[in-house]
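Here's the structure we're looking at; comments come further down.
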Amino acid sequence: MDRIRLIGGNQLRGEIPISGAKNAALPLMIASLLTKEPLILENVPRLADVKQLERILENHGVDIAAHGRRAAPSHIDGQRMTFQAAEIVDTTAPYELVSTMRASFWVIGPLLARAHEARVSLPGGCAIGTRPVDLFLYGLKELGAEIDIDEGYVVARAPKGGLRGARISFPKVTVGATHVIMMAATLARGTTVIENAAMEPEITNVAECLVAMGARIDGIGTRTLTIEGVDELHGATHEVLPDRIETGTYAMAAAMAGGNVLLRNARAEHLQAALDVLGQSGVHVSQEDAGLRIQRNGNGLQAVHIETQPFPGFPTDLQAQFMALMTMSDGVSQIRETIFENRYMHVAELARFGADIKVEGQVATVVGVPELKGAQVMATDLRASVSLVIAGLAARGETMVNRIYHLDRGFERLEDKLSRCGAEIERVV
Ligand code: UD1
């Protein structure tokens, strides 16, 4: 199994290109199920999760082509891919394919809307809490679907004549269920109103793609989405937005290691809450035309308290990385995780570097230490694993991160991007 070996202590200097966002690419790919015409996506990141979703979509009948690099140089270097679901040949998403990635459950919305039936295995994915699907099922039932659970599968059927518009009010903000209900509602009869919708930039990116495909959606970027169903959607070309979690991760890496890094293509407005926190801790952040510049000279890091919240708050997907940064702050930082229970599995691994962290319920208290020491550590989930890389960048001596398949699910060429900026990091196979 691949591992990552790094020697801490080098500052980061140079440029890191930010890839297309995994959390937008996946639902955008799934949106291709809504039309028989081709959906062309630009800036698709090269990730294990993207590959896995390709397999799932192919099973439903989606033809997928990845195009070579375009002749003209462009500001993006992600893949250009075409997805065409001329016909839905199978409405079952089997356990073997769905169990490794939670977002694959989301095919249920488009399948139900277009083929009027879906049989989708209950999801797996990162082990960060129970992650139920009750809110998906609530929303789909409101749209008229009949739902049974059968041998670990959700079996959903649309009523005669297809899904029908409804008012859906989510009791808590959920990214996945917002994507699914929004996609399903584009082909439902009548008007759907989604209240307390997620407004993450990835939701906006997907909504804009759906509009380009002929959907009628109002309130994009707000807590209330109003969707007027149409008879069919058509093809479109759409660009995946830059990955704000990858951006925040490298921003924290640069803050941890010190130095001066330009995060090419990154946009501050997608992660302002996290950048504000970095600013408070003494890191210099500035938006330039080409991207975000992160600088820290040799000064100490101030301890800052954070609480994870749905967008526009501090993202839960940057919690582990921020905790790694705070292990070396001058003071005590309190971190409250409010989105997922059990999202502190990195704590035990960070302790191997000599970090001082205590967890009580939702709150982790991080007492800054003057030095971390390199260690053998284990990646436990996608974002947790990259927090170990961040700690290793500043730790004295050698760090070995085991089980890095989690990293490959969500970070494109991580070791390459960091080593080009001066980090001593390599993949050991
Ligand atoms: C998405 C992101 C993930 C991020 C998370 C929160 C993708 C592919 N994944 O995950 O990286 O960490 O948003 O920003 O975009 N919940 C229920 N019932 C449901 C659905 C959700 O109780 O039916 C709960 C979850 O357990 C969690 C909270 O709602 O406590 C938010 O989850 P949600 O926003 O749905 O996360 P995901 O869409 O799975």
Side-chain angles (χ1 to χ4, degrees), residues 20-31 44-45 47-50 52-53 56 98 100-109 120 122-142 147 149 154 156 168-183 194 196-207 223 240-241 243-249 270-271 273-274 307-322 336-346 362 381-387 406 409-411:
K22 169 180 89 78
N23 286 357
L26 301 178
L28 287 166
M29 291 165 67
I30 289 172
V44 178
L47 297 171
D49 272 10
V50 167
Q52 178 66 4
L53 185 57
I56 292 166
V98 175
T100 57
M101 184 183 29
R102 183 175 161 86
S104 49
F105 182 75
W106 302 352
V107 297
I108 195 167
V120 182
L122 285 161
C126 283
I128 52 171
T130 44
R131 300 183 94 174
V133 294
D134 55 321
L135 300 176
F136 292 80
L137 304 189
Y138 151 72
L140 293 172
K141 280 182 191 160
E142 292 296 307
I147 300 213
I149 307 287
V154 176
I168 289 153
S169 186
F170 285 121
K172 70 161 103 162
V173 175
T174 149
V175 171
T178 301
H179 277 307
V180 164
I181 300 304
M182 176 170 72
M183 287 195 257
I194 308 179
N196 202 23
M199 47 195 260
E200 269 62 5
E202 294 77 22
I203 300 270
T204 298
N205 197 228
V206 172
R223 282 267 174 257
V240 180
L241 87 171
D243 195 316
R244 68 195 163 97
I245 303 303
E246 190 193 26
T247 303
T249 299
H270 292 161
L271 71 163
E307 179 173 295
T308 61
Q309 287 292 342
F311 188 83
F314 189 100
T316 174
D317 285 352
L318 288 175
Q319 180 255 106
Q321 298 89 316
F322 183 69
R336 182 182 293 272
E337 171 59 59
T338 72
I339 310 291
F340 293 109
E341 78 267 30
N342 193 20
R343 203 174 198 182
Y344 281 138
M345 283 170 311
H346 44 286
Q362 286 185 314
D381 74 44
L382 172 55
R383 310 302 177 187
S385 45
V386 82
S387 76
H406 289 290
R409 290 186 43 209
F411 290 93

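Atoms within each ligand, like the ligands themselves, are counted from 1 in listed order. The basis for the numbers below is simple: all heavy atoms, side chains too, and nothing from hydrogens, waters or symmetry mates.
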For [X], take its heavy atoms, then give the atoms of ligand 1 lying under 4.0 Å from any of them.
| X | answer |
| --- | --- |
| Val133 | 23 (O) |
| Gly176 | 35 (O), 38 (O) |
| Val173 | 31 (C) |
| Trp106 | 7 (C), 8 (C), 15 (O), 38 (O) |
| Phe136 | 20 (C), 23 (O) |

query: Under 3.5 Å, is there a donor-acceptor pair linking the side chains of Glu337 and Gln319?
result: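 Distance-only check passes for Glu337 and Gln319.
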task: Please check if any side-chain donor atom of Thr316 sits under 3.5 Å from a side-chain acceptor atom of Arg343, or the reverse.
output: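 Side-chain D/A pair, Thr316 to Arg343: present.
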- prompt: If you round to the nearest 0.5 Å, how far is CD1 of Ile30 from OG of Ser104?
  reply: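 One gets 7.0 Å once the value is rounded to the nearest 0.5 Å.
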Over all atoms of both residues, closest heavy-atom pair of [X] and [Y]:
| X | Y | result |
| --- | --- | --- |
| Pro45 | Ala25 | CD-CB, 3.8 Å |
| Val98 | Leu122 | CG1-O, 4.3 Å |
| Leu241 | Ala24 | CD2-CB, 3.4 Å |

- request: For the pair Glu200 and Arg244, evaluate side-chain contact (heavy atoms from CB on, under 4.5 Å) and give the outcome as yes or no after the intermediate values.
  value: CA-CA 10 Å; Glu200 269 62 5; Arg244 68 195 163 97; 3.3 Å; yes
Taking distance alone, with no angle check, do [X] and ligand 1 share an N/O pair under 3.5 Å?
| X | answer |
| --- | --- |
| Arg383 | no |
| Lys22 | no |
| Thr316 | no |
| Ala177 | no |
| Ile339 | yes |
| Asn23 | yes |
| Leu135 | yes |
| Thr174 | yes |

- prompt: So, are Lys22 and Glu202 salt-bridged, with charged N and O less than 4.0 Å apart?
  reply: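 Salt bridge: no.
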- request: Would you please name every residue forming a ring-ring contact (aromatic ring centres under 6.0 Å, His included) with Phe411, sequence neighbours left out?
  value: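 Once residues adjacent in sequence are excluded, Phe411 has no partner under the ring-ring contact (aromatic ring centres under 6.0 Å, His included) criterion.
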message: Once you restrict to heavy atoms under 4.0 Å, what part of Lys172 touches ligand 1? Side chain, backbone, both or neither.
response: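 Side chain only.
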- prompt: Of the backbone atoms (N, CA, C, O) and the side-chain heavy atoms from C-beta on, which set of Glu202 has a member under 4.0 Å from an atom of ligand 1: side chain, backbone, both, or neither?
  reply: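 Looking at Glu202 and ligand 1, no heavy atom falls under 4.0 Å.
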Could you pull out all donor-acceptor pairs under 3.5 Å where a side-chain atom in residues 175-182 meets a protein atom, sequence neighbours excluded?
| residue | atom | partner | partner atom | Å |
| --- | --- | --- | --- | --- |
| Thr178 | OG1 | Thr174 | O | 2.6 |
| Thr178 | OG1 | Ala198 | N | 3.1 |

- request: Report yes or no: does a heavy atom of Arg343 sit under 4.0 Å from some atom of ligand 1?
  value: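 Yes, Arg343 has a heavy atom closer than 4.0 Å to ligand 1.
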message: Working note: Thr338 + Glu307, criterion side-chain hydrogen bond (donor to acceptor under 3.5 Å, both in side chains); need CA distance, chi angles, decisive distance, verdict.
response: CA-CA 7 Å; Thr338 72; Glu307 179 173 295; 5.2 Å; no
- request: Please work out which of Leu318, Asp317, Asp49, Thr338 has its closest non-hydrogen atom nearest to atom 12 (O) of ligand 1.
  value: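 When every heavy atom of Leu318, Asp317, Asp49, Thr338 is considered, Asp317 comes closest to atom 12 (O) of ligand 1.
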